[in-house]
Protein chains: 2
Amino acid sequence: MSKKNASIYDIAKEAGVSTATVSRTINTPDKVSSETRTKIHSIMERLNYSPNALAQSLVSRSTRTIGVFIATVNNPYYAEMVHVIEKHAFHNNYSILLGNTGNWIEKEEKYVEIFVKKQVDGIIFVGGRNVTDPHSHHIMKTSERIPVVLTNHALVGKNIYCVLSDEAEGACMAVQHLIDTGRDRIAYINGFNFSYPSVVKKDSYIKTLSRNQISVNEDLIVNAPKDNMEGGYAACEALLEKGSEFNGIFVANDMMAVGVMKKLTEAGYAIPGDVSVVGYDDIQLCHYLTPSLSSVTQNISKLGSMAVQLVNDVLEGKEVGKITYLHPELKIRESSLPH
Amino acid sequence: MSKKNASIYDIAKEAGVSTATVSRTINTPDKVSSETRTKIHSIMERLNYSPNALAQSLVSRSTRTIGVFIATVNNPYYAEMVHVIEKHAFHNNYSILLGNTGNWIEKEEKYVEIFVKKQVDGIIFVGGRNVTDPHSHHIMKTSERIPVVLTNHALVGKNIYCVLSDEAEGACMAVQHLIDTGRDRIAYINGFNFSYPSVVKKDSYIKTLSRNQISVNEDLIVNAPKDNMEGGYAACEALLEKGSEFNGIFVANDMMAVGVMKKLTEAGYAIPGDVSVVGYDDIQLCHYLTPSLSSVTQNISKLGSMAVQLVNDVLEGKEVGKITYLHPELKIRESSLPH
DNA sequence: ATGAAAGCGCTAACAC
DNA sequence: GTGTTAGCGCTTTCAT
């Protein structure tokens, strides 16, 4: 189909110089006389030359490529993370190989293997992970070769770095806010039951209730089947079916909260009149919902930029902290106004 | 930091065979005796060997990597496209290099150059593009080397393939639906003024009105400053300020429609009582909004899978159509119920 | 300032 | 079934 691309060799021949000289005009132009340099440049132009990064990387041992794994791009929180990561990566001259795992560990393992073969310089795992299964093996193994950064998950290892929002603190703020605004029967819609952030939030939810002398009602805690709108809707349905009274709901993430609000509205509950709702992640949408959704913000921007910065710093041999916590912040909107 | 990775050479030495034999056990196992094969496998295991894809690609002239460009991942429509593309790519053993252009042509140009240097096998440009500027030069140039697939944009060129939803048809369906349900003063919130899909939709909007003997009121057509919720909100604000009466709005995409609905609600309009609203793209969220949002669906799933299929087919030398249109479909929900 | 040559890790004739 | 060797496109000493 296409005639073979021009190589450094073609340029050299055409210019009557050695490949070394051509290489130099690309990488260390000042070590080449201006005449030959211009001549070579014009030939490159004419032959539509573009250096083959594979060959370059083969010798430089660096691809300027970072592998990024997320559970589902079509969750605005993850999409925003990808957005931020891509932005910072580009700015630091990295490209992003994106892998959508759908929380499917086997796919992730295969993917990691592929990316490692493709010689990514580092890998970023975005989002909380399962705390139970033998999840970390391939991560550990990978970290023996390249730096690994985890976002919103804590994992210790030689070449593993974590940056996470303090979700215990965030969950506490959310629940305490509900209590402070007069809600005393507070439900909690959990995400994936064994995901790190869910575990942390649930724990914090329980502790905060206790600290306020509110007894924990197991009927008010429900695990969503999926951590998206559909899952939130279903979870809220289940909650209603249990029949326990509640006047406040803390939802582990905003997308689920959208589903929860939909279900509540359909069931005739006024928000926040009858039920006060607080979500988590503070995605842009919160502001545009009716009623607007109170939420805990994670500073996604910082989270993402730090993730990229971490792999970059490690690659450059800088000293960096193994684990960094960011403080969340509560954004109060209409959905949790006191009645 | 890390000791050098084992190479095929290390394996060969350890096993007392030649590198060719090692290569064979990787690629054509049956051409190697089972004894040596098992021996080599165990050594690979022990040395944690992983083939270097850079070297492989250097000789095979294929990276099994596709470059994907989108405007903004944090627009659910694009996110969904990425999701689908990634899924199909993985299934066909491709990896995705993702570039977020933010509609910034210079960034895209740089990115394309980088991806080409990195030897991607093909490039997919997702989403409508500007119809005016000298946008296509880098695309044309790229298509001389590798197949280029465009989604929701029509562009002709030797190695360029397009798959798009028929947005003229979609816009027509939306507007006709508004008319059929008794709306006679229909506004149109446009996306980027010169983006291909916007141009097509606006044109179709005007034609559909005319076909129904409804005169076009320029005050009812407003270009959103951004094609997201914020932009929709602002556009609706501008629309209200112009003072022309309207009882229906067709919005060029769902995210803008969310902003439009927010503004309408704040301004005291009932949806669909006072104003009927129809969006475009049919993102999942439509179903969960209150009121749920009528929208035109693009069959994102098909769009994305075809995009991947196209680059794959072209790479395999198959004959494929240069341009494919998919039929959109109107999903009627609460926001456009007749009053 | 430039060239010769080795090497990055792997594949693919070709020979035995 | 296995080894030898050239080559993929580029960088980098070491000479000159």
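These values consider heavy atoms only, across backbone and side chains, with no hydrogens, waters or symmetry-generated copies. Residue numbering restarts at 1 for every chain, and letters A, B, ... go by the order of the sequence lines. Because the structure is a prediction, the values reported are computed rather than measured.
- Here the P atom of nucleotide D/dA6 and the CG atom of B/Leu58 are 18 Å apart, to the nearest Å.
- To the nearest 0.5 Å, atom NZ of residue A/Lys39 and atom CD1 of residue A/Ile11 are 12.5 Å apart.
- Here B/Leu164 contributes atom CG and B/Met306 contributes atom CE; the two are 10.0 Å apart, rounded to the nearest 0.5 Å.
- In this structure, B/Glu113 does not pair ionically with B/Lys107, as no charged nitrogen and carboxylate oxygen lie closer than 4.0 Å.
- Within the 4.0 Å cut-off from OP1 or OP2 of D/dG3, at least one side-chain nitrogen or oxygen of B/Ser18 is found.
- The distance between the ring centers of B/Tyr94 and B/Phe90 does not fall below 6.0 angstrom.
- Annotation: cation-pi pair B/Arg129/B/Tyr196 absent, no NZ/CZ under 6.0 Å from the ring centroid and within 45° of its normal.
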Could you list, one pair per line, each protein nitrogen or oxygen that sits under 3.5 Å from a nitrogen or oxygen of nucleotides 10-12 of chain D, together with the distance?
unit_1, atom_1, unit_2, atom_2, d
D/dC10, OP1, A/Tyr49, OH, 2.4
D/dC10, OP1, A/Asn52, N, 3.0
D/dC10, OP2, A/Ile8, N, 2.3
D/dT11, OP1, A/Asn27, OD1, 3.4
D/dT11, OP1, A/Asn27, ND2, 2.9
D/dT11, OP1, A/Gln56, NE2, 3.1
D/dT11, OP2, A/Ser23, OG, 2.6
D/dT11, OP2, A/Asn27, ND2, 3.4

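- For the helix from C/dA1-D/dT16 to C/dC16-D/dG1, the axis fitted to the five pairs at one end and the axis fitted to the five pairs at the other end meet at an angle of 40° (nearest 10 degrees).
- The outermost nucleotides of DNA chain C lying under 4.0 Å from heavy atoms of chain B, listed 5' to 3', are C/dG9 to C/dA13.
- Annotation: the span from A/Asn52 atom CG to B/Gln119 atom CD amounts to 3.5 Å, rounded to 0.5 Å.
- B/Asn103 places none of its side-chain heavy atoms less than 4.5 Å from the side chain of B/Glu108.
- Counting non-hydrogen atoms under 4.0 angstrom, A/Ser57 reaches nothing in the nucleic acid.
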